[in-house]
Amino acid sequence: MTRLPDFRLETYFSRWEFTARHHLTASDVQTMTLSELLALAEDKDRGAFENLSLGYTETFGDPALREVIAQSYEHADADDVICFAGAEEALYLAMNVLLDAGDHAVVVTPNYQAAETVPLALCEVTGVALDPDRDWALDLDIVAAAIRPNTRVVSVNFPNNPTGKVIDTADFTALAGLCDERGIHLFSDEVYRGLERDPARTLPQAADLSERALSLNVTSKSLGLPGLRIGWITCRDRTLRSRLERAKHYTTICNSAPSEVLARIALKARETILARNWALIAANLPAFEAFFAEFADDFEWQAPDGGCVAYPRYLGADGVEEFCTRLVEEAGVLLLPASIYRSELTATPADRFRIGIGRRNPEEGLTAFAEWMRARR
Ligand SMILES: Cc1ncc(COP(=O)(O)O)c(C=O)c1O
């Protein structure tokens, strides 16, 4: 077991996620109840859930679930999919399978912390920063320059947590091509896919673009079902998939059987759930626009290209760390300050905070936030 540093985001959430009055920084969309999800099920799947035997399931994941997952790709079938306990287990095991001491990885920043700390515990890693001054652009020349003869993985995440950036399809396709040319696995974290503000900007899935690329996904984010803990990797490299299965023997062995059936139901209803979640975000955005318009001297706001988090700038002289601490302590409004997204690999902006736009009724938290801001004037 490699030694890993504290996961700053989870440590912060351990303190505040369930105690702050207004969780205004959630990275998942409004969830639903079990009965709401079952109401979307075909009769036979509802029956399968009610009569499920609670034994072990296949390590790769329930075949019927993998079949439904595979249908969301153009060039994958059920045997190209392996399921995990959330995206986090998948990310952790994939990096452990792909990287050895002596290897090298390239990771885009800012990122979900595990995307860099897991590879950093295994080998040398070079960061490539999204550029905040150019609308979080990813410079492919910088990625190409970072690649070494021993680079095994290039790891990206679009829509990006925390910036909300979605790069152009042409750049993403070029990145997959570059990785292929150099014999590198593109590890593409696609957990926010399906929530692009302009659906025309939805990227292809990496596993469809390249036989050696890995597409990471989960029910947690765009579908708003994190409690299921069902994630997956789709990759057409069957040898790699089999190595991932062996690694899983040392962690969760198999998924939760009830969750596998529920995930199958959710994925069959994917278009309905995504449409609901997309509409919720679209309906929420005006409340955020109005808030940031009122406090235009204090913040620089930009709606995300996709996903359900944004990463605005805080302009106050006290700094975003103190600002977020006082806001949660005094007004009960939880945001994530920039230090949570600090990187060991590159400079990252120190004046931003993550705000979530995908939960129902953000007006309540925004009102508490606005009242606190007004009182400070
Ligand atoms: C980009 C990204 N990848 C992976 C994960 C992990 O997802 P899960 O909680 O479903 O394991 C998260 C969670 O916040 C995330 O934002």
Side-chain angles (χ1 to χ4, degrees), residues 4 7-14 16-18 23-31 61 65 69 82-95 107-119 130 136 138 153-167 186-196 203 205-206 214-234 244 248 251-252 255-256 259-260 262-263 266-267 273 277 304-311 334-336 340-341 343 348 353-359:
L4 291 163
F7 203 128
R8 288 186 301 276
L9 181 147
E10 295 301 339
T11 312
Y12 201 75
F13 271 176
S14 300
W16 292 112
E17 185 174 8
F18 297 102
H23 186 357
L24 207 55
T25 191
S27 66
D28 44 4
V29 184
Q30 183 69 37
T31 195
L65 170 61
I69 292 172
I82 174 166
C83 298
F84 294 95
E88 181 71 345
E89 186 195 23
L91 196 164
Y92 177 79
L93 291 183
M95 291 305 147
V107 176
V108 165
T109 70
N111 52 42
Y112 179 67
Q113 189 181 328
E116 71 172 59
T117 47
V118 178
L130 300 176
W136 302 111
L138 175 66
V153 171
V154 171
S155 170
V156 299
N157 161 227
F158 302 111
N160 177 257
N161 174 5
T163 64
K165 175 69 179 177
V166 177
I167 61 173
L186 175 61
F187 183 86
S188 173
D189 180 331
E190 298 165 357
V191 304
Y192 295 98
R193 189 171 180 273
L195 293 180
E196 292 71 14
L203 292 175
Q205 301 182 94
L214 293 84
S215 280
L216 172 69
N217 219 320
V218 75
T219 58
S220 305
K221 305 297 180 182
S222 307
L223 295 176
L225 297 166
L228 296 184
R229 308 310 299 134
I230 297 285
W232 63 90
I233 283 175
T234 301
L244 287 169
K248 191 179 167 186
T251 52
T252 54
N255 294 104
S256 146
S259 286
E260 288 188 320
L262 294 172
L267 286 162
I273 301 173
N277 294 349
D305 298 335
C308 50
V309 296
Y311 207 43
L334 180 62
L335 301 173
L336 283 178
I340 301 291
Y341 284 95
S343 170
T348 47
F353 59 92
R354 187 179 93 178
I355 191 162
I357 60 171
R359 291 279 178 93

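Values below: all heavy atoms of this structure, side chains included; hydrogens, waters and symmetry mates excluded. Atoms within each ligand, like the ligands themselves, are counted from 1 in listed order.
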Polar contact flag, side-chain donor to acceptor under 3.5 angstrom, Gln205-Ser215: no
Checking the side chain of Glu190 only, and the main-chain atoms of Ala206 only, is there a donor and an acceptor separated by less than 3.5 Å? yes
Check whether any N or O atom of Asn157, backbone or side chain, sits under 3.5 Å from an N or O atom of ligand 1, and answer yes or no. no
Does even one non-hydrogen atom of Ser27 get within less than 4.0 Å of ligand 1? yes
For the residue pair Ser343 and Glu116, confirm or rule out a side-chain donor-acceptor distance under 3.5 Å. yes
Residues Tyr192 and Asn157: side-chain donor-acceptor under 3.5 angstrom: no
In terms of residue, atom name and distance, what is the protein heavy atom nearest to atom 3 (N) of ligand 1? Asp189 OD2, 2.6 Å
Between Ser27 and Gly356, is there a donor-acceptor pair closer than 3.5 Å when you use the side chain of the first and the backbone of the second? no
Where ligand 1 meets Glu88 - atom numbers and elements under 4.0 angstrom, heavy-atom basis: 6 (C), 11 (O)
Take the angle between the ring planes of Tyr311 and Trp136 and call it parallel below 30°, perpendicular above 60°, tilted in between. tilted
Going by the order shown, which atoms of ligand 1 are within less than 4.0 Å of some heavy atom of Gly86? 11 (O)
Is the closest heavy atom of Glu89 to ligand 1 under 4.0 Å? no
So is there a nitrogen or oxygen of Tyr112 less than 3.5 Å from a nitrogen or oxygen in ligand 1? no
Can you pull out the closest protein heavy atom to atom 10 (O) of ligand 1? Residue, atom name and distance to 0.1 Å, please. Ser220 OG, 2.5 Å
Only heavy atoms of Val191, strictly under 4.0 Å: list the atoms of ligand 1 that pass. 1 (C), 2 (C), 3 (N)
Donor-acceptor pair between Asn277 and Lys221 side chains, under 3.5 angstrom: no
Looking at Asn255 and Phe84, would you say the former's side chain and the latter's main chain have a donor-acceptor pair under 3.5 Å? yes
the protein heavy atom lying closest to atom 7 (O) of ligand 1 turns out to be Ala87 CB, 3.5 Å
Considering heavy atoms of the protein only, find what lies nearest to atom 14 (O) of ligand 1 and give residue, atom and distance to 0.1 Å. Lys221 NZ, 2.6 Å
What atoms of ligand 1 come closer than 4.0 angstrom to any heavy atom of Tyr192? 1 (C), 14 (O), 15 (C), 16 (O)
